[in-house]
Amino acid sequence: MHSQGAPTMNELETFEIEPQDTLESSVVWLHGLGATPHDFDDVVPLLNLRHTRFVFPAAPERPVTVNGGMVMPAWYDLLSLGEPPLREDAASVRASADLMSALLRREIARGVAAQRLVLMGFSQGGALALHVGTRFPERLAGLCSLSGYLLQPETFDTERSTSSLRTPVLICHGEFDPVVPVSLGKSSFETLKGAGYEAEWRSFPMPHSLCLDEVRALGQWFERCGVR
């Protein structure tokens, strides 16, 4: 069953797919820059998570510096395509992080414990997922970045939460990614691993996209996280 979440001043508009069986878990999945909450509609049936609600929030519309100031759905303003720091606008990262934390708390209020929540995303959405999940004050069921990277690594050590160290992390990346270099994904994984996270790294022979082998790996990871 599909539903459209009604936005409020402090909430994001969401597209949701309700579970086929009794609700046990929720997956909050963030789309990439300039995309929509429907980008992964076709992937959900392949995962066959019958007890899981999928929540796809819509990013706010904002001007994006690297795209000449064009207004588009974006979790934050991307200032450059270079290596961090100064890659993204800190104020817009904080604003979206606050919205995402509120969305996670909404799922908890709707009856899904934090330990049954997975936060994940693709590209810019994957970057924000890592940012929020490592700072969230409770352990989540899992944290996953697909073709993303660790936002603002210079603040990671001082801002990450102790509880998030027990959240399993999966980082997947295309070996031929021309948008977010695979080296950026790999260094993000190494930072998390070095900090003591239970992090896994998977790379695939693809560009800035998803592939079937990645979806299979994602399904196996969900199983290890106890999400079904």
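Model, not experiment: these values are computed from the prediction.
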Asker: List the atom pairs, with distances to 0.1 Å, where a side-chain N or O of residues 63-73 and a protein N or O form a donor-acceptor pair under 3.5 Å, not counting sequence neighbours.
Answerer:
| residue | atom | partner | partner atom | Å |
| --- | --- | --- | --- | --- |
| Thr65 | OG1 | Asp77 | OD1 | 3.1 |
| Thr65 | OG1 | Asp77 | OD2 | 2.8 |

Asker: Please examine the side chains of Leu79 and Arg87, heavy atoms only from C-beta on, and report whether any two atoms are closer than 4.5 Å.
Answerer: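 A side-chain contact is absent here, since even the closest heavy-atom pair is not under 4.5 Å.
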Asker: Rounded to the nearest 0.5 Å, how far apart are NZ of Lys193 and OG1 of Thr191?
Answerer: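 OG1 of Thr191 is found 13.0 Å from NZ of Lys193.
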Asker: Answer whether the closest heavy-atom distance between the side chains of Val28 and Leu103 falls below 4.5 Å.
Answerer: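 They are in contact (side-chain heavy atoms under 4.5 Å apart), so the answer is yes.
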Asker: Can you list the steps and then say if Leu165 with Glu198 is a side-chain contact (heavy atoms from CB on, under 4.5 Å)?
Answerer: CA-CA 7 Å; Leu165 275 172; Glu198 183 190 325; over 6 Å; no
Asker: Between atom OG of Ser145 and atom CG of Leu119, what is the distance when rounded to the nearest 0.5 Å?
Answerer: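 So the gap between those two atoms works out to 10.0 Å.
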Asker: Enumerate donor-acceptor pairs with a distance under 3.5 Å from any side-chain N or O in residues 209-222 to protein atoms, sequence neighbours excluded.
Answerer:
| residue | atom | partner | partner atom | Å |
| --- | --- | --- | --- | --- |
| Asp213 | OD1 | Arg216 | NH1 | 2.7 |

Asker: Tell me, please, which residues at least two apart from Ser123 pass side-chain hydrogen bond (donor to acceptor under 3.5 Å, both in side chains).
Answerer: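 Ser123: side-chain hydrogen bond (donor to acceptor under 3.5 Å, both in side chains) contacts with His208.
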Asker: For His38 together with Phe56, are the ring centres under 6.0 Å from each other?
Answerer: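 Centroid distance Phe56-His38: not below 6.0 Å, so no.
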Asker: In chain order, what residues pass the side-chain hydrogen bond (donor to acceptor under 3.5 Å, both in side chains) check against Ser101, with sequence neighbours excluded?
Answerer: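 Per chain and number, Ser101 pairs via side-chain hydrogen bond (donor to acceptor under 3.5 Å, both in side chains) with no residue.
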Asker: By salt bridge (charged side-chain N to carboxylate O under 4.0 Å, His left out), which residues pair with Arg166, not counting sequence neighbours?
Answerer: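 Arg166 satisfies salt bridge (charged side-chain N to carboxylate O under 4.0 Å, His left out) with no residue once adjacent residues are dropped.
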Asker: Measure the acute angle between the ring planes of Tyr197 and Phe156, then classify it against the limits of 30° and 60° as parallel, tilted or perpendicular.
Answerer: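 Tyr197 vs Phe156 ring planes: tilted.
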Asker: Could you tell me the separation between the CG atom of Leu49 and the OG atom of Ser26, rounded to the nearest 0.5 Å?
Answerer: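 The OG atom of Ser26 is 11.0 Å from CG of Leu49, to the nearest 0.5 Å.
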Asker: What residues join Met206 in its hydrophobic cluster, counting side-chain heavy atom gaps under 4.5 Å, either direct or through other members?
Answerer: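 Cluster partners of Met206: Phe204.
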Asker: Would you be so kind as to tabulate the donor-acceptor pairs closer than 3.5 Å made by side chains of residues 128-144, with sequence neighbours excluded?
Answerer:
| residue | atom | partner | partner atom | Å |
| --- | --- | --- | --- | --- |
| His131 | ND1 | Arg135 | NH1 | 3.4 |
| Thr134 | OG1 | Leu130 | O | 2.7 |
| Thr134 | OG1 | His131 | O | 3.3 |
| Arg135 | NE | Glu159 | OE1 | 2.7 |
| Arg135 | NH1 | His131 | O | 3.1 |
| Arg135 | NH2 | Thr155 | OG1 | 3.1 |
| Arg135 | NH2 | Glu159 | OE1 | 3.2 |

Asker: Looking at every heavy atom in both Leu30 and Pro57, which two are closest together, and how far apart are they?
Answerer: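 Of all heavy-atom pairs spanning Leu30 and Pro57, the closest is CD2-CG, 3.3 Å.
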Asker: With sequence neighbours excluded, give me every salt bridge (Lys or Arg N to Asp or Glu O under 4.0 Å) pair touching residues 51-72.
Answerer: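 Listed once each, the pairs are Glu18-Arg53, Arg53-Glu107.
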Asker: Where do Ser188 and Leu184 come nearest, in terms of heavy atoms and distance?
Answerer: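 The answer is OG-O, 2.8 Å.
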Asker: Sorted by first residue and then second, give each salt bridge (Lys or Arg N to Asp or Glu O under 4.0 Å) pair with at least one member in residues 20-38; sequence neighbours left out.
Answerer: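 Passing the test, one end in residues 20-38: Asp21-Arg50, Glu24-Arg116, Glu24-Arg228.
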Asker: Closest approach of Leu33 and Ala74, non-hydrogen atoms and distance?
Answerer: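 Here Leu33 and Ala74 meet closest at CD1-CB, 3.5 Å.
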Asker: Would you please name every residue forming a side chain to side chain contact (heavy atoms under 4.5 Å, CB included) with Pro205, sequence neighbours left out?
Answerer: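 In terms of side chain to side chain contact (heavy atoms under 4.5 Å, CB included), with neighbours along the sequence ignored, Pro205 is linked to Glu175, Phe176.
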Asker: Please list all pairs meeting ring-ring contact (aromatic ring centres under 6.0 Å, His included) that have one or both residues in residues 57-80, counting only residues at least two apart or in different chains.
Answerer: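 Qualifying pairs, neighbours excluded: His31-Trp75.
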Asker: What pairs with Asp157 under side chain to side chain contact (heavy atoms under 4.5 Å, CB included), at least two apart in sequence or on another chain?
Answerer: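 Asp157 satisfies side chain to side chain contact (heavy atoms under 4.5 Å, CB included) with Arg160 only.
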Asker: For Asp39 and Trp29, run side-chain contact (heavy atoms from CB on, under 4.5 Å): C-alpha distance rounded to whole Å, both residues' side-chain angles, the deciding distance at 0.1 Å, then the answer.
Answerer: CA-CA 10 Å; Asp39 270 21; Trp29 194 332; over 6 Å; no
Asker: If you compare all heavy atoms of Asp177 against all heavy atoms of Ser147, which two are closest, and at what distance to 0.1 Å?
Answerer: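 Shortest heavy-atom separation between Asp177 and Ser147 comes out as OD2-CB, 3.8 Å.
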Asker: Just how far is it from atom CG of Leu170 to atom CZ of Phe189, taken to the nearest 0.5 Å?
Answerer: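 With rounding to 0.5 Å, CG (Leu170) is 10.0 Å from CZ (Phe189).
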Asker: Look up atom SG in Cys172 and atom CE in Met120, then write down how far apart they are to the nearest 0.5 Å.
Answerer: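 With rounding to 0.5 Å, SG (Cys172) is 8.0 Å from CE (Met120).
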Asker: Nearest 0.5 Å, please: how far is CG in Leu23 from OG1 in Thr52?
Answerer: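 Answer for the OG1-CG pair, Thr52 versus Leu23, is 8.0 Å.
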Asker: Report the C-alpha separation of Arg110 and Val55 in whole Å, then their side-chain angles, then the decisive distance to 0.1 Å, and conclude whether the side-chain contact (heavy atoms from CB on, under 4.5 Å) test is met.
Answerer: CA-CA 12 Å; Arg110 292 207 287 175; Val55 179; 4.1 Å; yes
Asker: Before giving the answer on side-chain contact (heavy atoms from CB on, under 4.5 Å), spell out for His173 and Val180 the whole-Å C-alpha distance, their side-chain angles and the decisive distance to 0.1 Å.
Answerer: CA-CA 9 Å; His173 219 101; Val180 180; 3.6 Å; yes
Asker: Under 4.5 Å between any side-chain heavy atoms of Leu99 and Arg94, yes or no?
Answerer: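 A side-chain contact under 4.5 Å is absent here.
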